[in-house]
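We use all heavy atoms of the structure for the numbers below, so side chains are in, but hydrogens, waters and symmetry mates are not. The chain is numbered in sequence order, starting from 1.
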Amino acid sequence: MRTNTLLLAFGLVLAAGAAQARLLDPAAVKSFCKQNNGTYWPQGGTSHTYGCLSDALLIVCGGVTPAQRNSCYTGRQAPHFRLPRSPASGGVRH
């Protein structure tokens, strides 16, 4: 669930327009995340990126290509939206 939420949020930020920024130190990103009650993910394992997802901002640093490895992408989250409800069940449509 956490990964799906992260991917959805990342997609929303990209749709809203993200900006490329200079590479940020992982410790600085982690500190920002902690101060803003965000979710930090470290680089390693199956991920070539590290970053933070908070209500204020999305930060994604690193990547596979040389250009990605030396930069971060930042963006504000798009406004939250509600999923439509199913009239029959009164619940959220799947």
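- Residues meeting the side chain to side chain contact (heavy atoms under 4.5 Å, CB included) test with Pro26, sequence neighbours left out: Tyr40, Tyr50.
- Between Gly38 and Ser54, the shortest heavy-atom distance links the atoms CA-CB, 3.8 Å.
- Summarising the geometry of His48 relative to Gln43, their closest heavy-atom pair is O-NE2, 3.0 Å, with the distance given to 0.1 Å.
- Applying the side-chain hydrogen bond (donor to acceptor under 3.5 Å, both in side chains) definition to pairs two or more places apart or across chains, those involving residues 27-36 are Ser31-Gln35.
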Show me the donor-acceptor pairs, under 3.5 Å and distance only, between side chains in residues 56-66 and residues at least two apart or in other chains.
residue : atom : partner : partner atom : Å
Thr65   : OG1  : Gln68   : N            : 3.2
Thr65   : OG1  : Gln68   : OE1          : 3.4

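- In this structure Asn37 satisfies the side chain to side chain contact (heavy atoms under 4.5 Å, CB included) test with no other residue, sequence neighbours excluded.
- Trp41 approaches Cys52 most closely through the heavy-atom pair CZ3-N, 3.4 Å.
- Remark: Ser71 pairs with Gln20 by the side-chain hydrogen bond (donor to acceptor under 3.5 Å, both in side chains) rule, at least two apart or across chains.
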